[in-house]
Amino acid sequence: MIKAVRGFKDILPGESEKWVYLENLARKFFLSYGFREIRLPILEKTELFARSLGEATDIVEKEMYTFIDRQKESLTLRPEATAGICRAVIENGLYAQGKILKLFTIGPMFRHERPQRGRLRQFHQLNAEVFGSNAPGTDAELIALALDILDAGGARGLRLEINSLGCPACRPAFREALKEFLTGVREKLCEDCQRRVERNPLRVLDCKRQECQSLYVDAPKLEDFLCPACKEHYLSVLKDLETLNIAYVKNPCLVRGLDYYVRTTFEIKAPDLGAQDTVAAGGRYDGLIKALGGPDIPGVGFAIGLERFLLIAELPEDLSPPFDLFVVALGEEARRLVLPLVRNLRRHGLVVDLDHEGRSLKAQLKQANRLRARFALIIGEKELQEGKVLLRDMTTGTQEPLALAELETALLKRLVA
RNA sequence: GUGACCGUAGCUCAGUUGGUUAGAGCACCGGGCUGUGGCCCCGGGGAUCGUGGGUUCAAAUCCCACCGGUCACCCCA
């Protein structure tokens with residue numbers, strides 16, 4: 001048997017309704033926050049991701065689905081959405097001086113990781129990005145948006161963690177101070193962290209090991225190194241959050257895995273998720289557009305992991321659409337007679353089905369029952385002769401005779417809400 | 001990439017210290033009720049026991065390898 005590729009999952013009926021529900025819910029919020037949808041290719045030139053995420057990140061180093069196509073060009077299944085959105089913004093000239101551009105997109109991402117709870121190789125994200133705004137209010141607004149979507153989906157007990165990574169003006173000083181500190185305690189660090197000290201010292205702060213974390217309480221804090229502009233920005237974001245009554249936890253160790261972040265970074269965590277507990281994350285990436293060859297406009301955004309959202313979402317019990325009518329046609333003559341009727345009812349938006357297999361009345365009623373049809377329309381030889389069909393209410397079991405001649409209008413009257 | 005646990009009908013599982021033809025419940029199809037669903041009863045179809053090798057008179061059962069799944073590490077949405 002040919003099976004789906006490891007880490008790639010089918011979304012089956014029963015599950016797909018939940019996806020549509022959450023996507024629609026998110027769409028509603030994106031639109032009310034003034035965002036417009038952008039749909040993007042899932043395949044991009046490898047260079048785009050290498051340049052935007054950073055060559056030394058785990059994603060670029062070992063998690064991308066990269067291949068050489070027939071034109072001998074290196075292409076990559078997108079591991080995240082921001083790079084592609086930036087590319088599209090630049091390529092299509094969506095920016096303009098002073099214009100605020102708010103975009104969202106929904107779709108699959110691909111990373112070659114070992115699958116586990118809340119982690120797939122193809123997974124899906126809801127992304128929102130704002131271009132052209134330096135204002136801290138934009139950062140706070142995005143956080144509010146993410147939380148509103150998650151809350152409307154019934155996710156509870158969320159924890160917002162926030163940090164500021166500074167900017168190219170102030171981060172280097174902190175980097176040096178941190179490096180110095182780390183060199184002092186180097187022997188006590190775990191293997192991974194020892195490696196990080198040289199390559200990417202900030203990532204050390206993100207280490208999950210208790211031993212390392214207990215050392216870092218004495219480490220220099222990035223917040224103390226922020227330049228006045230970054231400091232003011234950070235405080236203003238926090239203030240907006242407070243004004244919006246949004247609870248947050250400052251996490252000076254929140255570093256994020258992508259190189260392009262500056263200033264605000266945040267994660268929304270859900271304790272119920274298990275090891276992969278980040279359901280949404282985002283931050284500011286002011287230099288990215290320029291680095292990709294575009295104008296010097298700032299950007300902020302976030303992504304919600306849809307699979308993870310689904311794991312903690314509280315959804316309405318029954319998301320399947322109501323099934324209006326099952327037409328029980330007994331015999332070929334009846335079936336032929338009913339064909340145009342069924343089609344017309346469907347064109348009116350009603351959910352209607354019938355049996356083409358020539359099964360018995362009993363079998364067809366059984367199917368109607370299984371489909372949870374509100375009504376069954378019974379038409380056999382007797383009905384054909386008498387010019388009357390039977391409309392059976394499947395919940396009460398009562399049957400009403402309807403004249404064949406005005407059947408369609410009679411049905412529409414009873415079925416259209 | 002590393003580790004632990006797990007792989008028996010479509011689904012959930014049973015299968016004794018290795019021993020006839022591998023079972024059950026649910027689901028599906030049919031019948032009881034030849035034109036009335038749900039409840040009940042009866043019957044039926046459906047399994048390369050994850051794959052390949054090995055041990056043995058004999059393997060779903062023991063051993064090895066591989067594949068897949070789950071969870072954790074790592075990393076992240």
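Since we're looking at a predicted model, the values are computed, not measured. So you know, we letter chains A, B, ... as the sequences are listed, proteins then strands, and number each from 1. The basis for the numbers below is simple: all heavy atoms, side chains too, and nothing from hydrogens, waters or symmetry mates.
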- [ ] Select base, sugar-phosphate, or nothing to describe what A:Lys362 touches, counting heavy atoms under 4.0 Å on all strands.
- [x] base
Task: Whole angstrom value for the distance that separates C1' of B:rG38 from CD of A:Gln367 - done: 15 Å
Open item on the list: Students often get this wrong, so: under 4.0 angstrom with heavy atoms, is A:Leu390 touching a base, only sugar-phosphate, or nothing?
Closed with: base
Task: N or O in side chain of A:Arg111 less than 4.0 angstrom from B:rC76 OP1/OP2 - done: no
- [ ] Report yes if a donor N or O on one partner sits less than 3.5 Å from an acceptor N or O on the other, where the partners are the side chain of A:Gln399 and the base of B:rU36; otherwise report no.
- [x] yes
Task: Check: A:Asn344 and A:Leu341 side chains under 4.5 Å, non-hydrogen atoms - done: no
Open item on the list: Roughly how many Å apart are B:rG31 and B:rG37, using the C1' atom of each and rounding to a whole number?
Closed with: 16 Å
Task: For B:rC76, the Watson-Crick or wobble partner whose two distances fall under 3.5 Å - done: none
- [ ] Determine the sole option in A:Leu390, A:Leu345, A:Leu407, A:Val328 for which the side-chain contact (heavy atoms from CB on, under 4.5 Å) test with A:Leu377 is passed.
- [x] A:Leu407
TODO: Hunt down the Watson-Crick or G-U wobble partner of B:rG25, both distances under 3.5 Å, from any strand shown, or write none.
DONE: B:rC11
TODO: Would you classify A:Ala280 as touching base, sugar-phosphate or nothing, given that sugar-phosphate means primed atoms plus P, OP1 and OP2, and contacts are heavy atoms under 4.0 Å?
DONE: sugar-phosphate
Task: CA sep, side-chain torsions, deciding dist, call: A:Tyr248, A:Glu242, side chain to side chain contact (heavy atoms under 4.5 Å, CB included) - done: CA-CA 9 Å; A:Tyr248 61 83; A:Glu242 283 153 26; 2.4 Å; yes
Task: No-H, no-angle donor-acceptor pair, A:Glu383 side chain to B:rG35 base, under 3.5 Å - done: yes
- [ ] Under 4.0 Å between any heavy atoms, over every strand shown, what does A:Gly282 touch: base, sugar-phosphate, or nothing? Just pick one.
- [x] nothing
TODO: Take A:Cys167 and A:Asp286, measure what side chain to side chain contact (heavy atoms under 4.5 Å, CB included) needs, and give me the verdict at the end.
DONE: CA-CA 9 Å; A:Cys167 66; A:Asp286 291 342; over 6 Å; no
Open item on the list: Can you tell me the base-pairing partner of B:rG38? Count Watson-Crick or G-U wobble geometry only, both distances below 3.5 Å, and say none if there is no partner.
Closed with: none
- [ ] State which of B:rU36, B:rU70, B:rU2 makes the closest approach to the side chain of A:Pro115.
- [x] B:rU70
TODO: Assign A:Lys62 to base, sugar-phosphate, or nothing according to its heavy-atom contacts below 4.0 angstrom with the strands shown.
DONE: nothing
Task: Heavy-atom side-chain proximity of A:Lys9 to A:Pro115 below 4.5 angstrom - done: no
Task: Side-chain donor/acceptor contact of A:Arg117 with base of B:rU70 under 3.5 Å - done: no
TODO: Would you mind classifying the nucleic acid contact of A:Leu126 as base, sugar-phosphate or nothing, using non-hydrogen atoms under 4.0 angstrom?
DONE: nothing
Open item on the list: Of the listed nucleotides (B:rC73, B:rG38, B:rG35), which one gets closest to any side-chain atom of A:Asn369?
Closed with: B:rG38
Open item on the list: Any base atoms under 4.0 Å from A:Glu381, or only sugar-phosphate, or nothing? Heavy atoms, all strands.
Closed with: base
Task: Donor-acceptor pair (no angle test) under 3.5 Å: A:Gln116 side chain, B:rC74 base - done: yes
Task: Given B:rG3, B:rG30, B:rG35, the nucleotide with the shortest approach to the side chain of A:Arg359 - done: B:rG30
Task: Aromatic ring proximity A:Phe35/A:Phe104, centre distance under 6.0 Å - done: no
Open item on the list: By the 4.0 Å heavy-atom rule, please label A:Arg119 as base, sugar-phosphate, or nothing.
Closed with: base
TODO: Name the pairing partner of B:rC71, where a pair is Watson-Crick or G-U wobble with both distances under 3.5 Å, or state none.
DONE: B:rG3
Task: First of A:Glu113 and A:Gly274 reached from the 5' end of RNA chain B, by closest nucleotide - done: A:Gly274
Open item on the list: Quiz question: going by heavy-atom distance under 3.5 Å, is there a donor-acceptor pair between the base of B:rC28 and the side chain of A:Arg370?
Closed with: no
Task: N/O donor-acceptor pair, side chain A:Arg308 with base B:rC76, under 3.5 angstrom - done: yes
Task: Pairing partner (Watson-Crick or G-U wobble, both distances under 3.5 angstrom) of B:rA60 - done: none
